[in-house]
Amino acid sequence: MAKAGKYYVVWVGREPGLYRTWASAEQQIKGFAGALFKSFATQAEAEAALAAGPGSQSSASGRASGSSQTSGRASAAKANPLAASNYPKGEALCVDAAWNSVQKQMEYQGVWLSSGELLFHQGPFAMGTNNIGEFLALVHALAWLDKQGDASMPVYTDSMTAMAWVRKKKANSQSLAEGRISPELVALMTRAEHWLQAHPKHNPVKKWLTKEWGEIPADFGRK
RNA sequence: ACAU
DNA sequence: TCATGT
Ligand SMILES: [Mg+2]
Ligand SMILES: [Mg+2]
């Protein structure tokens with residue numbers, strides 16, 4: 001997670017560009033031979049540095065330490081998502097879920113768009129699914145905002161499934177229907193559906209455009 | 001196909 | 001490559 005308000009420039013890495021969280025920037029440079037990166041306090045500084053290149057830095061930019069790998073992955077987002085004309089303006093909450101296929105556990109969290117600051121984190125939970133995590137994260141954010149008396153703050157998710165379940169106030173989960181979900185999560189799902197039915201006019205839910213803006217700030221990294 |  | 005979903 002970002003320590004409120006930092007901007008990370010990666011000049012050399014798997015996918016060079018501008019990142020809002022250390023988790024996402026680290027993915028680009030960890031284990032990448034010859035990686036070059038640096039953090040900045042403001043967007044303007046970061047954008048200027050990204051455009052100018054690593055050679056323009058007078059001090060303390062990061063260099064890859066030990067490792068060796070040079071391969072990357074196909075480019076997804078643009079190098080500077082913040083420059084996209086449709087990038088979200090103003091404050092918002094961002095949520096995401098992750099599935100740990102090694103530990104077989106799901107977790108989810110919510111962060112502020114502007115700073116990357118963690119607002120909530122739940123889990124890990126056994127016997128879950130990606131979609132159940134995305135759904136619970138989204139409803140958790142909506143309920144939290146309602147409790148604060150904030151009816152206008154938008155909530156971003158990258159999950160079409162979670163958006164559909166919230167819209168219908170019903171989670172169409174195969175795993176749930178077939179009894180593969182833990183009692184704890186079943187209870188949370190039931191509670192979430194009931195909350196939605198009791199609060200038909202919840203805050204606006206918006207789709208995070210990962211292809212245009214890069215990973216949602218609430219993303220967990222490992223993928 | 002699209003989103004995870 | 002697999003699983004969860006619209
Ligand atoms: Mg997600
Ligand atoms: Mg993610």
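The chains referred to below are lettered A, B, ... by the order of the sequence lines, with proteins before strands, and numbering in each begins at 1. Just so it is clear, the structure is predicted and the values come from calculations on it, not from any experiment.
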Is there a side-chain polar atom (N or O) of [X] under 4.0 Å from OP1 or OP2 of [N]?
| X | N | answer |
| --- | --- | --- |
| A:K207 | B:C2 | no |
| A:N130 | C:dA3 | no |
| A:R167 | C:dT6 | no |
| A:S159 | B:A3 | no |
| A:W208 | B:U4 | no |
| A:T210 | B:U4 | yes |

Separation of atom [atom1] in [X] from atom [atom2] in [N], rounded to whole Å:
| X | N | atom1 | atom2 | value |
| --- | --- | --- | --- | --- |
| A:L185 | C:dT4 | CG | P | 15 Å |
| A:E178 | C:dA3 | CD | P | 13 Å |
| A:W99 | C:dG5 | CH2 | C1' | 15 Å |
| A:Y156 | B:A3 | OH | P | 17 Å |
| A:M163 | C:dG5 | CE | P | 17 Å |
| A:N172 | C:dT4 | CG | P | 13 Å |
| A:K170 | C:dG5 | NZ | P | 13 Å |
| A:F220 | B:U4 | CZ | P | 16 Å |

Close aromatic pair by centroid cut-off 6.0 Å: A:Y108 and A:H121: no

Taking the six-membered ring for Trp and the full ring for Phe, Tyr or His, determine whether the centres of A:W22 and A:Y8 are under 6.0 Å apart. yes

Looking at A:K170, I want to see if its NZ is surrounded by more than 12 non-hydrogen atoms of other residues, nucleotides or ligands under 6.0 Å. no

Ring-face cation contact, A:Y87 with A:K89, 6.0 Å cut, 45° max: no

A:D96 has its side chain closest, among B:U4, B:A3, C:dG5, to B:U4

By the 4.0 Å heavy-atom rule, please label A:S175 as base, sugar-phosphate, or nothing. sugar-phosphate

Decide yes or no for A:Q28 and A:Y19: does some side-chain heavy atom of the first lie under 4.5 Å from some side-chain heavy atom of the second? yes

